[in-house]
Enquirer: 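One structure, as structure tokens, below. Some questions next.
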Amino acid sequence: GQNIDQPTEMTATEGAIVQINCTYQTSGFNGLFWYQQHAGEAPTFLSYNVLDGLEEKGRFSSFLSRSKGYSYLLLKELQMKDSASYLCAVSDNDYKLSFGAGTTVTVRA
Amino acid sequence: IAGITQAPTSQILAAGRRMTLRCTQDMRHNAMYWYRQDLGLGLRLIHYSNTAGTTGKGEVPDGYSVSRANTDDFPLTLASAVPSQTSVYFCASSPGAAGGPDTQYFGPGTRLTVL
């Protein structure tokens with residue numbers, strides 16, 4: 001089975017940095033995904049990590065430590081449009097995804 | 001480029017009725033998935049299909065059935081709807097290439113209410 005934990009909610013100020021942590025215990029591992037989901041919309045792909053380390057993509061970065069079962073998504077220079085839910089998902093041995101419950105980030109002016 | 005489409009967008013259904021949610025993708029992806037999303041529980045996999053002609057059960061398959069007659073379509077059927085099936089349903093597809101990242105792409109969702 002899969003157990004994926006992430007905080008329920010986070011609030012930050014426009015222009016700030018927010019780090020969303022995700023810990024997982026899974027029976028198999030073929031990578032970790034982060035998705036963004038705005039209210040009432042579909043999840044959209046943000047990042048993928050399969051090796052340890054940091055992947056940077058513009059204002060967003062994602063980190064993975066396989067030995068610790070830990071990942072984080074770093075959002076820099078926050079903008080109002082970054083207010084959304086951020087979903088951590090682990091790919092198992094069959095490449096199916098198990099999702100955490102999501103972290104709702106609210107960006108305040 | 002449509003990507004993935006789902007129909008209907010929303011539906012209110014009486015308990016006991018049969019309902020089919022439609023999903024079509026035009027990306028020629030091999031794999032397709034159905035999830036339900038409930039507040040506080042995140043996305044949970046209902047059924048999946050790795051390729052046309054094959055299907056498999058996910059985490060919460062009871063009360064649902066699927067078919068995959070061709071590459072593009074992956075309908076989800078509720079044979080006799082119950083109120084606990086009230087949820088937002090997302091269809092997704094992925095290329096299905098092993099050794100991935102096998103990134104999944106999601107449709108816009110169907111909001112289903114069973115009364």
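Protein chains get the first letters and strands the later ones, always in sequence-line order, with residue 1 at the start of each. Quantities reported herein were computed from a predicted structural model and do not represent experimental measurements.
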Enquirer: By the rule that ILVMFWY residues connect when side-chain heavy atoms come within less than 4.5 angstrom, directly or transitively, which residues belong alongside B:I12?
Expert: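 Reading the cluster by chain and number, B:I12 sits alongside B:L115.
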Enquirer: Tell me the residues of residues 71-82 of chain A whose non-hydrogen atoms fall below 4.5 Å from those of chain B, in number order.
Expert: none
Enquirer: Are B:F74 and B:L112 in one and the same hydrophobic cluster, where Ile, Leu, Val, Met, Phe, Trp and Tyr link if side-chain heavy atoms are under 4.5 Å apart?
Expert: yes
Enquirer: Could you see if A:W34 belongs to whatever hydrophobic cluster contains A:L64? Use Ile, Leu, Val, Met, Phe, Trp, Tyr and a side-chain cutoff under 4.5 Å.
Expert: yes
Enquirer: According to a 4.5 Å side-chain heavy-atom criterion applied to Ile, Leu, Val, Met, Phe, Trp and Tyr, with indirect links allowed, do A:L46 and A:I20 form part of one hydrophobic cluster?
Expert: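 A:L46 and A:I20: one cluster.
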Enquirer: Decide yes or no for A:F33 and B:T103: does some side-chain heavy atom of the first lie under 4.5 Å from some side-chain heavy atom of the second?
Expert: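 Yes, at least one pair of side-chain atoms sits under 4.5 Å.
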Enquirer: Identify whether B:I46 and A:I4 are in the same connected component of the hydrophobic contact network (ILVMFWY, side-chain heavy atoms under 4.5 Å).
Expert: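 No, B:I46 and A:I4 fall in different hydrophobic clusters.
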Enquirer: Looking at A:P43, A:G40, A:G31, which makes the most heavy-atom pairs under 4.5 Å with chain B?
Expert: A:P43
Enquirer: Would you mind checking which part of B:E59 comes under 4.5 Å of any heavy atom in chain A, side chain (CB onward), backbone (N, CA, C, O), both or neither?
Expert: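 For B:E59, no heavy atom lies under 4.5 Å from chain A.
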Enquirer: Should B:Y89 and B:L13 be counted in the same cluster of Ile, Leu, Val, Met, Phe, Trp and Tyr side chains packed under 4.5 Å apart?
Expert: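 Yes: a chain of side-chain contacts under 4.5 Å links B:Y89 to B:L13.
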Enquirer: I'd like to know which of B:G58, B:G109, B:G56, B:G42 tops the heavy-atom pair count under 4.5 Å against chain A.
Expert: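 Option with the top pair count is B:G42.
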Enquirer: Write out, in numerical order, the residues from residues 96-109 of chain A with a heavy atom short of 4.5 Å from a heavy atom in chain B.
Expert: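 A:K96, A:L97, A:F99, A:G100, A:A101, listed by number.
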Enquirer: For B:R44, I'd like to know if atom CZ has over 12 heavy atoms of other residues, nucleotides or ligands within 6.0 Å.
Expert: yes
Enquirer: Would B:Q104 and A:F45 count as a side-chain contact (heavy atoms from CB on, under 4.5 Å) here? Give the steps.
Expert: CA-CA 8 Å; B:Q104 294 185 19; A:F45 170 74; over 6 Å; no
Enquirer: Going by salt bridge (Lys or Arg N to Asp or Glu O under 4.0 Å), name the pairs with one or both residues in residues 60-78 of chain B, residues two or more places apart or in two chains.
Expert: B:R28-B:D72
Enquirer: When you look at A:Q37 and B:F90, which way does the side-chain contact (heavy atoms from CB on, under 4.5 Å) test go after all the steps?
Expert: CA-CA 12 Å; A:Q37 185 178 23; B:F90 286 102; 3.5 Å; yes
Enquirer: Evaluate side-chain contact (heavy atoms from CB on, under 4.5 Å) for A:Y48 paired with B:D102, printing each intermediate quantity in order.
Expert: CA-CA 10 Å; A:Y48 171 76; B:D102 194 27; over 6 Å; no
Enquirer: For residues A:A42 and B:P108, report the shortest heavy-atom separation together with the two atoms involved.
Expert: CB-CA, 4.2 Å
Enquirer: Let me know if B:L45 has heavy atoms under 4.5 Å from chain A in its side chain, its backbone, both or neither.
Expert: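 Looking at B:L45, just its side chain touches chain A.
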